Asker: 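Could you have a look at this structure, given as structure tokens, before my questions?
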Amino acid sequence: MNVKKAQSFVTQNAIYIVLVLLIMSIAIYEPAFMSVNTLRDIMIQSSTRIIIALGVAFILITAGTDLSAGRVVGFTAVISASMLQIPDYSRRFFPDLPQVWLILPIVLAILAGLICGLINGIIVSKLNVPPFIATLGTMVIVYGVNSLYFDMDPNQSQPIGGLRPDFTNIGSGFIGSGQYSIPYIVIIALVVAAIVWVVFNKTKLGKNMYAIGGNIQAAKVSGIDVSKNLIYIYAIAGSLYGLAGVLEAARTGGATNNYGNMYELDAIAACVVGGVSTTGGIGTVPGVLVGVIIFTLINYGLTFIGISPYYQLIIKGLIIIAAVAFDMRKYSSKK
């Protein structure tokens, strides 16, 4: 009986056990890894990835996928950065644009992300295009639109820099002082995670989302308007990508049309490792957070101890395969 309880505990908490073992392994190899500054850096690097992964989780739970997430992040980063440069910067994207209210470009960027998500939702729900194909198409379209925007005169595809301090402060500012300070970007990510948790667990949309992912036909029979709910879900995901794009531009102090490249794959991987089922209907916010942190730890921790980035890719790939195999094994055992 105790063996069964132990097996059940390991199965239910495997993701957290992996996280602890990963931290312990790196810390044993390099004790300096266990410092407040390291934790702070990991949380900063995880912040925008958390927001992207939460958006992707909405889609995965409905048994869909979203390959456009990274390109939407890049598009919205360019939109916000292009309108928030200092007045005397030599290569302003809009030379004659007066200094605008900070919130305006941020809202426009998030709205652009929402529109991209809305388009995805309409294509999937109204045109019945499989999510993989629909979002693959919009991924290419968004990148093309972003590249055309980025290439406009007088910018001509030059990296956007010289961003206003009040904007970059969102990505680099913090509450408190010294190593025990809390970055604004981390606070924003945690607030977003809390809001998403409420949506997942306490709203009708959240319940409908799990029902659609669990069995779409049963959801239709029970009276759920699947089409409308999918449009809402994709739109929310798009707005989260838009917010992540804004924060990424603020964090790095610039933007190019290649921002966000491959972010969607990292987000999908983090979700899967965090327990979001590839077959739909299963997923939690804490699991997504831990999944993102695990991948950030792999990138940051292995770099910290001098492991080649190519080995890191191999390790991440093995973790993804193992997570999906474990997920499919659980799914098969329930059938």
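Everything numeric in this text was worked out from a predicted model, so none of it was measured. The figures here come from the full heavy-atom set of this structure, side chains too, leaving out hydrogens, waters and symmetry mates.
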Asker: Does a side-chain heavy-atom distance below 4.5 Å link Ile282 with Tyr210?
Answerer: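 Answer no - side chains too far apart.
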Asker: In sequence, state the C-alpha distance, the side-chain angles, and the governing distance for Ser35 and Thr38, and then conclude on side-chain hydrogen bond (donor to acceptor under 3.5 Å, both in side chains).
Answerer: CA-CA 5 Å; Ser35 68; Thr38 298; 2.8 Å; yes
Asker: For Ile44 and Val186: C-alpha separation, side-chain torsions, deciding distance, then whether side chain to side chain contact (heavy atoms under 4.5 Å, CB included) applies.
Answerer: CA-CA 6 Å; Ile44 290 173; Val186 173; 4.3 Å; yes
Asker: Does the ring centre of Phe75 sit less than 6.0 Å away from the ring centre of Tyr143?
Answerer: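 Tyr143 vs Phe75: aromatic centres not under 6.0 Å.
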Asker: Looking at CG of Leu67 and CG of Leu265, how far apart are the two atoms once the value is rounded to the nearest 0.5 Å?
Answerer: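 Rounded to the nearest 0.5 Å, the CG-CG separation comes to 7.0 Å.
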Asker: Does atom CE of Met152 have more than 12 heavy-atom neighbours, drawn from other residues, nucleotides or ligands, at distances under 6.0 Å?
Answerer: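 Yes, the 6.0 Å shell around CE holds more than 12 heavy atoms from other groups.
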Asker: So, do Val78 and Thr256 sit near enough that their side-chain heavy atoms are less than 4.5 Å apart?
Answerer: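 Counting from C-beta outward, Val78 and Thr256 never come under 4.5 Å.
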Asker: Around atom OH of Tyr232, are there more than 12 heavy atoms from other residues, nucleotides or ligands closer than 6.0 Å?
Answerer: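 Not more than 12 within 6.0 Å, no.
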Asker: Under a 4.5 Å side-chain heavy-atom rule over Ile, Leu, Val, Met, Phe, Trp and Tyr, are Leu318 and Ile294 clustered together?
Answerer: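 Leu318 and Ile294: one cluster.
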Asker: If you take all heavy atoms of Ala134 and Ile123, which pair is closest and at what distance?
Answerer: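 Nearest pair, atom of Ala134 first, then Ile123: CB-CG2, 3.6 Å.
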Asker: How about Ile233 and Thr62: do any of their side-chain heavy atoms sit closer than 4.5 Å?
Answerer: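 Yes, at least one pair of side-chain atoms sits under 4.5 Å.
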Asker: Determine yes or no for a side-chain-to-main-chain donor-acceptor pair under 3.5 angstrom, with Glu264 supplying the side chain and Ser68 the backbone.
Answerer: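 No, because the side chain of Glu264 does not come within donor-acceptor range (under 3.5 Å) of the backbone of Ser68.
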Asker: Is it possible for you to say whether Ile212 and Ile231 belong to one hydrophobic cluster, with membership spreading through side-chain heavy-atom contacts below 4.5 Å?
Answerer: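 No; Ile231 is not reachable from Ile212 via cluster members.
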Asker: Give the minimum heavy-atom separation between Ala81 and Leu163, together with the two atoms involved.
Answerer: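 Answer, listing the atom of Ala81 first, then Leu163: O-CD2, 3.5 Å.
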Asker: For the residue pair Met262 and Asp266, establish whether any side-chain heavy-atom pair is separated by less than 4.5 Å.
Answerer: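 Heavy-atom side-chain distance check fails, nothing below 4.5 Å.
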Asker: Of the non-hydrogen atoms in Ser80 and Ala249, which two are nearest, and what is the gap between them?
Answerer: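 Residues Ser80 and Ala249, closest heavy atoms: OG-CB, 4.0 Å.
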Asker: Report yes or no: does Gln85 contribute a side-chain atom to a donor-acceptor pair with the main-chain N or O of Phe93 at less than 3.5 Å?
Answerer: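 Looks like yes, one N/O pair under 3.5 Å.
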Asker: Nearest heavy-atom pair of Gly171 and Ile185: which atoms, and what distance?
Answerer: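 Residues Gly171 and Ile185, closest heavy atoms: O-CG2, 4.1 Å.
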Asker: Do side-chain atoms of Asn155 reach the backbone of Asp151 as a donor and acceptor pair under 3.5 angstrom?
Answerer: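 No.
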Asker: Tell me whether Ile314 is reachable from Phe295 by hopping between hydrophobic residues (I, L, V, M, F, W, Y) whose side-chain heavy atoms are closer than 4.5 Å.
Answerer: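 Yes; tracing contacts between hydrophobic side chains, which count when under 4.5 Å, links both residues.
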Asker: Closest approach of Thr65 and Ile268, non-hydrogen atoms and distance?
Answerer: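 Minimum heavy-atom separation between Thr65 and Ile268: OG1-CD1, 3.7 Å.
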Asker: Are Arg49 and Ile293 packed together at the side-chain level, in the sense that at least one heavy-atom pair is separated by less than 4.5 angstrom?
Answerer: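 No. Closest side-chain heavy atoms not under 4.5 Å.
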Asker: Please walk me through it: do Val72 and Asn146 pass side chain to side chain contact (heavy atoms under 4.5 Å, CB included)?
Answerer: CA-CA 9 Å; Val72 175; Asn146 189 22; over 6 Å; no
Asker: In the single-linkage hydrophobic clustering (I, L, V, M, F, W, Y; side-chain heavy atoms under 4.5 Å), do Val129 and Val124 co-cluster?
Answerer: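 Yes; Val124 is reachable from Val129 via cluster members.
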Asker: So how far is it from Arg251 CZ to Glu248 CD, rounded to the nearest 0.5 Å?
Answerer: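 Output value for this atom pair is 4.0 Å.
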Asker: Go through it in stages, so that I can follow the logic: the residues are Asn169 and Arg164, the test is side-chain hydrogen bond (donor to acceptor under 3.5 Å, both in side chains), and I'd like the CA-CA distance, side-chain angles, deciding distance and then a yes or no.
Answerer: CA-CA 9 Å; Asn169 187 54; Arg164 285 165 37 181; over 6 Å; no
Asker: Starting from Phe94, can I reach Leu102 by hopping between I/L/V/M/F/W/Y residues whose side chains sit under 4.5 Å apart?
Answerer: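 As far as the 4.5 Å side-chain criterion goes, Phe94 and Leu102 are connected within one cluster.
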Asker: Give a yes or no answer on whether the side chain of Asn201 reaches the backbone of Trp197 with a donor-acceptor pair at less than 3.5 Å.
Answerer: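 Confirmed, Asn201 side chain pairs with Trp197 backbone.
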Asker: Will you find, in the side chains of Tyr259 and Thr252, an N or O donor that is under 3.5 Å from an N or O acceptor?
Answerer: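 Tyr259 vs Thr252: donor-acceptor pair found between side chains.
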Asker: Give, for atom CG of Leu84 and atom CD1 of Ile160, the distance between the pair rounded to the nearest 0.5 Å.
Answerer: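 Reported to 0.5 Å precision, the distance equals 10.5 Å.
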Asker: Under the side chain to side chain contact (heavy atoms under 4.5 Å, CB included) rule, what do Ile236 and Leu205 come out as? Steps first, then yes or no, please.
Answerer: CA-CA 11 Å; Ile236 292 171; Leu205 178 64; 3.5 Å; yes
Asker: Taking the side chain as everything from C-beta on, heavy atoms only, tell me whether Leu240 gets closer than 4.5 Å to Ile52.
Answerer: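 No, side chains not in contact.
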Asker: Would Tyr234 and Phe58 satisfy ring pair (Phe, Tyr, Trp, His ring centres under 6.0 Å), going step by step from the backbone distance to the final call?
Answerer: CA-CA 8 Å; Tyr234 276 89; Phe58 271 96; over 10 Å; no
Asker: Give a yes-or-no answer on whether the side chains of Asp41 and Tyr300 include a donor-acceptor pair shorter than 3.5 Å.
Answerer: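 Their side chains do contain a donor-acceptor pair, which is all the 3.5 Å distance test asks for.
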Asker: What heavy-atom pair brings Pro95 and Pro154 nearest, and what distance separates the two atoms?
Answerer: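 Reported closest heavy-atom pair: CG-CG, 3.7 Å.
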Asker: Gln45 and Thr296: side-chain donor and acceptor closer than 3.5 Å?
Answerer: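 Side-chain D/A pair, Gln45 to Thr296: absent.
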Asker: Would you say Arg92's side chain and Leu97's backbone share a donor-acceptor pair under 3.5 angstrom?
Answerer: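 Side chain of Arg92 to backbone of Leu97, a donor-acceptor pair under 3.5 Å: yes, one is there.
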Asker: Taking side chain as C-beta onward, heavy atoms only, is Ser227 less than 4.5 Å from Asp225?
Answerer: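 Yes - at least one pair of side-chain heavy atoms lies under 4.5 Å apart.
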Asker: Rounded to the nearest 0.5 Å, how far apart are OG1 of Thr76 and CG of Leu243?
Answerer: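 Rounded to the nearest 0.5 Å, the OG1-CG separation comes out at 8.5 Å.
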Asker: Can you tell me how far apart CG (Leu230) and CD1 (Ile122) are? Round to the nearest 0.5 Å.
Answerer: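 The CG atom of Leu230 sits 12.0 Å away from the CD1 atom of Ile122.
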Asker: So Tyr241 and Leu114, side chain to side chain contact (heavy atoms under 4.5 Å, CB included) or not? Walk me through it.
Answerer: CA-CA 8 Å; Tyr241 307 150; Leu114 187 149; over 6 Å; no
Asker: How far does CG of Leu297 sit from OG1 of Thr303, to the nearest 0.5 angstrom?
Answerer: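 With rounding to 0.5 Å, CG (Leu297) is 11.5 Å from OG1 (Thr303).
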Asker: Report yes if the side chains of Met83 and Phe167 come closer than 4.5 Å at any heavy-atom pair, otherwise no.
Answerer: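 When only atoms from C-beta onward are counted, Phe167 and Met83 do not touch, as no gap falls below 4.5 Å.
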Asker: Return yes if a side-chain donor-acceptor contact under 3.5 Å exists between Asn257 and Ser147, otherwise no.
Answerer: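 Looking only at side-chain atoms, Ser147 and Asn257 do form a donor-acceptor pair, the distance falling under 3.5 Å.
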